[in-house]
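The block underneath contains the structure these notes are about, expressed in structure tokens.
What you see is a predicted model, and the numbers here were worked out from it, not measured in a lab.
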Amino acid sequence: IGPVHKKDVMRASIMLEHKPEYACILAFDVKVANDAGELAEKMGVKIFTADIIYHLFDACVKYFADVRASKRAASADQAVFPAILEILPNNIFNTKNPIIMGVRITDGVLKLGTPLCVPSKQAIYIGRVTSIQQNHTDVPMAK
């Protein structure tokens with residue numbers, strides 16, 4: 001209640017150590033002191049201000065959706081989406097670095113960055129998918 005001061009920013013900054021995305025202040029129909037705004041910007045605390053509660057809610061929801069999307073993008077190369085591929089023998093174009101071949105996806109979804117291995121040969125690691133084309137057009141994933 002009342003304007004946002006430096007002490008409010010200091011309290012919110014505690015979350016930077018635990019969960020940085022929660023280091024935010026929702027200020028509904030109040031002013032933010034100049035020194036508090038500068039300190040928040042310097043420390044990385046996000047301050048949402050609005051005179052209409054629905055605008056404040058929408059800004060907060062959008063912020064958390066953006067945080068979730070950035071976390072998902074950052075961990076996308078760690079996540080493995082399994083797929084079973086069948087190599088089409090008539091469509092092997094290059095057998096060395098890089099291996100270029102046509103495949104049929106029998107199960108799962110093939111995405112960029114998916115690691116490739118041959119299970120029948122003690123799961124020998126071949127590499128990662130760096131490009132997927134369908135009808136001579138680059139696509140991010142194939143089913």
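Contact record, A36 with K6: CB-N, 3.8 Å, taken as the closest heavy-atom pair. F48 approaches L26 most closely through the heavy-atom pair CD1-CD2, 3.5 Å. Taking each heavy atom of L110 and V129 in turn, the nearest pair found is CD1-CG2, 3.7 Å. Of all non-hydrogen atoms in A12 and A23, the two that sit nearest each other are O-CB, 3.6 Å. Considering all non-hydrogen atoms of both residues, G37 and V32 come closest at N-CG1, 3.9 Å. When every heavy atom of F28 is checked against every heavy atom of I52, the shortest pair comes out as CE1-C, 3.8 Å.
Distance CG/D35 to NZ/K42: 11.5 Å, rounded to 0.5 Å. Interatomic distance, CZ of F93 versus CG of N90, reported as 9.5 Å (0.5 Å rounding). One finds the CD1 atom of I14 at 9.0 Å from the CE atom of M43 (value rounded to the nearest 0.5 Å). To the nearest 0.5 angstrom, R11 atom CZ is 11.0 Å from H5 atom NE2.
Inter-residue side-chain proximity for I124 and C117 is flagged as unmet; no heavy-atom pair is nearer than 4.5 Å. No side-chain heavy atom of V109 sits less than 4.5 Å from a side-chain heavy atom of T114. Between I105 and E86 there is no side-chain heavy-atom pair separated by less than 4.5 Å. For the pair L88/R104, a side-chain contact is recorded, criterion being any heavy-atom separation below 4.5 Å from C-beta on. Side-chain contact between K7 and V9: absent, with no pair of heavy atoms (C-beta onward) separated by less than 4.5 Å.
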Indicate every side-chain donor-acceptor pair of residues 59-67 with a distance under 3.5 Å to a residue at least two apart or in another chain.
unit_1	atom_1	unit_2	atom_2	d
K62	NZ	D66	OD2	3.0
Y63	OH	E21	O	3.1

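Enclosure of atom CG in D138 by more than 12 non-hydrogen atoms of other residues, nucleotides or ligands within 6.0 angstrom is indicated. More than 12 heavy atoms of other residues, nucleotides or ligands shown are found within 6.0 angstrom of CD on Q133. The environment of CD1 in I87 is sparse: at most 12 heavy-atom neighbours from other residues, nucleotides or ligands sit within 6.0 Å. By the 6.0 Å contact criterion, OH on Y125 is enclosed, its count of non-hydrogen atoms from other residues, nucleotides or ligands being greater than 12.
When the options T49, V30, V4 are evaluated for a side-chain contact (heavy atoms from CB on, under 4.5 Å) with I25, the one that passes is V4.
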Subject >> Step-by-step side chain to side chain contact (heavy atoms under 4.5 Å, CB included) determination, L39 to M10 >> reply: CA-CA 9 Å; L39 181 64; M10 294 299 289; 3.8 Å; yes

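T106 places a side-chain N or O within 3.5 Å of a backbone atom of I84 that can act as its donor or acceptor partner.
Under a hydrophobic clustering in which Ile, Leu, Val, Met, Phe, Trp and Tyr are joined whenever their side-chain heavy atoms come within less than 4.5 Å, directly or via other members, I47 and L56 fall into different clusters.
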